[in-house]
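Letters A, B, ... are given to chains in the order of the sequence lines, protein chains preceding strands, and every chain is numbered from 1.
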Protein chains: 2
Amino acid sequence: MVRHDKQNSAEAIAAALAHAIHEHRLAPGSKLSEDEVGEIFGVSRTVVRAALQHLAHSRLVELRRNHGAFVAQPSLREAREVFEARALLEPRTARAAAARMSPAEHARLERHIQAEHAALDQGAAGHAVYLSGQFHVEIARIADQATVAEIITQLVARSSLVIALYWQRRVALCESHAHHALLRALAAGDGSRAEEVMAEHLVTLVSSLDLRDRNAVPTSLREALGA
Amino acid sequence: MVRHDKQNSAEAIAAALAHAIHEHRLAPGSKLSEDEVGEIFGVSRTVVRAALQHLAHSRLVELRRNHGAFVAQPSLREAREVFEARALLEPRTARAAAARMSPAEHARLERHIQAEHAALDQGAAGHAVYLSGQFHVEIARIADQATVAEIITQLVARSSLVIALYWQRRVALCESHAHHALLRALAAGDGSRAEEVMAEHLVTLVSSLDLRDRNAVPTSLREALGA
DNA sequence: TCATCCAAGATCGTATACAATCTCGTGTCC
DNA sequence: GGACACGAGATTGTATACGATCTTGGATGA
C-alpha cells in the first residue's frame with residue numbers, strides 16, 4: 001500500500017479503503033481502527049478520521065459512537081433498496097448513453113469487458129466484481145451526466161457490499177453476457193434496447209442474490225448471540 | 001443559534017448550516033471560515049471541519065485547498081443535471097407513495113402545504129422554499145424507500161442552491177397548485193396520475209429557472225474577469 | 001511610474017495531547 | 001455458585017499547537 005502523495009491524503013486513503021472493500025478484501029463487519037489504519041498509511045488519526053467520515057457518508061462504513069468504524073453490513077432492506085434505486089436510474093441513463101457514445105468510448109468499454117474476463121480466468125473474483133461495477137459507472141459517464149454518475153458510483157459501491165453478503169454461490173456469475181448485450185445496443189445507438197437490457201440485467205442481478213427474509217447475517221459472535 | 005447538545009455536535013452544526021443555506025440565509029459563495037463558525041457554535045475547528053466536510057460531500061459547500069469552505073455555487077450544467085436526476089427518481093417514487101399513503105401521512109402533507117402558504121403570506125420566501133423542498137422529501141419517505149429518500153434529500157438541498165442562483169424573479173412561485181394536485185392524486189391512490197403530475201411539476205420548476213447558457217454567474221470579481 | 005520581489009499576516013493541513021466513554025476482567029457480597 | 005460493582009485498559013472525541021501554503025501590502029529597483 002505505497003501511497004505517499006501527501007496531497008489530499010485523506011481522499012487517497014478513503015479511495016484505497018473503498019477499493020479494498022469493493023474487491024471484497026475487506027469483509028463487511030471488519031473493524032477499521034483509527035490507530036491501525038493510520039499506522040498502515042503512515043498518517044495520524046486526524047487524517048484517518050476524515051477518510052472514515054467520508055466513507056461513512058457513502059455508506060461504505062458505519063461509525064458507531066465510541067466504538068469505531070466498521071465496514072458496513074447492509075441490511076436486507078437496504079440491499080433491496082439499493083437495487084431499486086439503481087433500477088430507477090440506470091436504464092434511462094443507458095438510453096442516454098446510447099445516443100452519445102463515441103468510438104473511443106466503445107473501445108474503452110470493450111477493453112473493460114475483456115479485463116473482466118481476464119480477472120475471472122485468473123480466479124480474481126473480487127477484482128471481477130469491481131470491474132463489473134465499474135462498467136455500470138462508465139456507462140453513466142458516457143451519458144455525460146456527472147451528477148447521476150456520482151450517485152450510481154455510490155450505489156455500485158454499496159452493491160458490492162450487498163454482493164459480498166448475499167451472493168448465492170450456486171448461481172454462476174453470468175454477467176458477461178448481459179454486458180456484451182449492453183455494449184451491442186449502445187454501439188448500435190439503440191437507446192430503447194439499451195434501456196431494456198439494462199433493466200433486465202439489474203433484475204437478473206437481484207435475483208441472483210439471496211434476499212429472502214431469513215434472520216440477518218450475524219455480524220460477530222456477540223451480535224449473533226443477541227447481545 | 002443556540003445549540004449546545006454537545007452530542008454529535010458536528011452533525012448538529014452541519015444541519016444548522018444546511019438549514020441556513022436551504023432557507024437562503026447563507027448565499028452561494030459565502031465564505032465559511034473554520035474559526036468563525038467554530039466561535040459561533042462554541043466548538044473547536046476540529047468539529048467544524050468535520051461538519052464542513054460532511055456538507056462538502058453533499059455538494060452544499062465547496063472546499064478549496066488552503067482557501068477554505070464556501071457555500072457552493074452550482075454551475076449551469078450542474079443545475080440542469082440535478083433536476084434531470086430528480087426527474088429520473090421522483091415521478092416513480094410518487095407512484096410508489098400513492099400506493100402506500102396512510103391517512104396520517106395525508107394529514108401531514110396537508111399541514112405541510114398550509115405551512116408553505118403561511119410562510120409565503122408572511123413574506124418568508126426562504127422558509128417557503130425550504131418547506132416546498134421538504135414536501136418532495138416527505139413523498140419519498142412515504143414511498144418507504146429510505147435510500148431513494150436520502151438521495152432526493154440531497155438533490156432537493158442542491159436544488160435550493162440552484163434556485164438561489166438562477167431563479168427568475170418575474171415568474172411567480174406557483175408551486176402550491178402542483179403540490180395540491182399531487183396530494184389529490186396521492187390521496188386517491190392514483191399512482192399513474194401522481195407520477196404524471198410529479199414529472200410535469202419538475203418540468204415546470206426547471207422552466208421557471210433561467211438556465212440559458214449565458215456566462216456563468218460570477219463567483220467573485222476575480223473569476224468574473226477570467227483569472 | 002511601473003513591475004518585481006519579499007515579508008508579514010491569515011487561513012488551512014496535520015500531528016499530538018488530553019478528556020470522555022466503553023469493554024472486559026476481577027473481586028466481593030449475597 | 002451466581003450476580004453485581006468496580007477499576008484497568010483500550011478506543012474514540014475534542015482541543016490545542018505547530019507547520020505549510022496562499023494572499024496582500026509595501027519596499028526596491030529600473
Side-chain angles (χ1 to χ4, degrees), chain A residues 1-17 26 29-57 60-72 218-227, chain B residues 1-17 26 29-57 60-72 218-227:
Chain A
M1 287 250 182
V2 181
R3 184 176 305 275
H4 290 131
D5 295 349
K6 282 300 174 197
Q7 280 297 83
N8 264 332
S9 38
E11 229 167 274
I13 291 172
L17 289 175
L26 274 172
S30 305
K31 167 133 205 212
L32 300 171
S33 153
E34 295 181 354
D35 273 328
E36 199 176 344
V37 176
E39 202 168 339
I40 290 171
F41 289 94
V43 296
S44 79
R45 283 177 49 221
T46 308
V47 180
V48 175
R49 284 181 70 76
L52 292 177
Q53 282 172 3
H54 185 92
L55 292 172
H57 197 105
L60 286 184
V61 317
E62 189 184 340
L63 296 178
R64 295 190 220 164
R65 191 176 182 82
N66 290 317
H67 285 246
F70 301 80
V71 178
T219 299
S220 64
L221 229 48
R222 168 160 292 98
E223 297 189 5
L225 301 178
Chain B
M1 289 242 183
V2 182
R3 184 174 309 272
H4 289 131
D5 294 350
K6 281 303 173 192
Q7 279 299 82
N8 264 332
S9 36
E11 228 168 275
I13 291 172
L17 289 174
L26 273 172
S30 305
K31 167 133 206 212
L32 300 172
S33 153
E34 295 182 354
D35 275 328
E36 197 176 346
V37 176
E39 202 168 341
I40 290 171
F41 288 94
V43 295
S44 80
R45 281 176 50 220
T46 308
V47 180
V48 174
R49 281 180 72 76
L52 291 176
Q53 282 173 1
H54 185 93
L55 292 171
H57 198 105
L60 286 184
V61 317
E62 189 183 341
L63 296 179
R64 296 189 218 165
R65 193 176 179 82
N66 289 318
H67 284 246
F70 300 82
V71 178
T219 298
S220 64
L221 229 47
R222 167 160 294 98
E223 297 190 7
L225 301 177

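- Going from atom CZ of A:R45 over to atom C1' of D:dT14 covers 10 Å, rounded to whole Å.
- Residue B:K31 contributes atom NZ, which lies 6 Å from atom C1' of C:dT11 at whole-angstrom precision.
- Separating the CG atom of A:N66 from the P atom of C:dC22 is a distance of 5 Å, rounded to the nearest angstrom.
- Rounded to a whole Å, the CG atom of B:D35 is 17 Å from the P atom of C:dG9.
- Evaluation of the side-chain contact (heavy atoms from CB on, under 4.5 Å) rule for A:S33 yields A:D35, A:E36 as partners, not counting sequence neighbours.
- Shown here are the side-chain contact (heavy atoms from CB on, under 4.5 Å) partners of A:A72, two or more places apart in sequence or in another chain: A:L161.
- Annotation: proximity of residues 46-57 of chain B to DNA chain D (heavy atom, distance under 4.0 Å) is found for B:T46, B:V47, numbered in ascending order.
- Atom CD of A:E39 is separated from atom P of C:dA15 by 13 Å (rounded to the nearest Å).
- In this structure, A:R64 places its CZ atom 25 Å from P of C:dA20, rounding to the nearest Å.
- The distance between atom CD of A:E34 and atom C1' of D:dG13, rounded to the nearest whole Å, is 9 Å.
- Going from atom CD of B:E36 over to atom P of C:dT11 covers 9 Å, rounded to whole Å.
- The B:S44 side chain lies nearest to D:dT16 when the options are C:dT14, D:dT16, D:dG13.
- Here the nucleotide nearest the side chain of A:H67, chosen from C:dA15, C:dC22, D:dA15, is C:dC22.
- By the side-chain contact (heavy atoms from CB on, under 4.5 Å) test, B:S30 is found to be paired with B:L26, B:A27, B:V71, residues two or more places apart in sequence or in another chain being considered.
- A search for ring-ring contact (aromatic ring centres under 6.0 Å, His included) contacts involving A:H57 returns B:H54, B:H57, not counting sequence neighbours.
- Take B:E34 and apply the side-chain hydrogen bond (donor to acceptor under 3.5 Å, both in side chains) test, not counting sequence neighbours, and it matches B:R45, B:R49.
- Considering all non-hydrogen atoms of both residues, A:A10 and A:A50 come closest at CB-CB, 3.9 Å.
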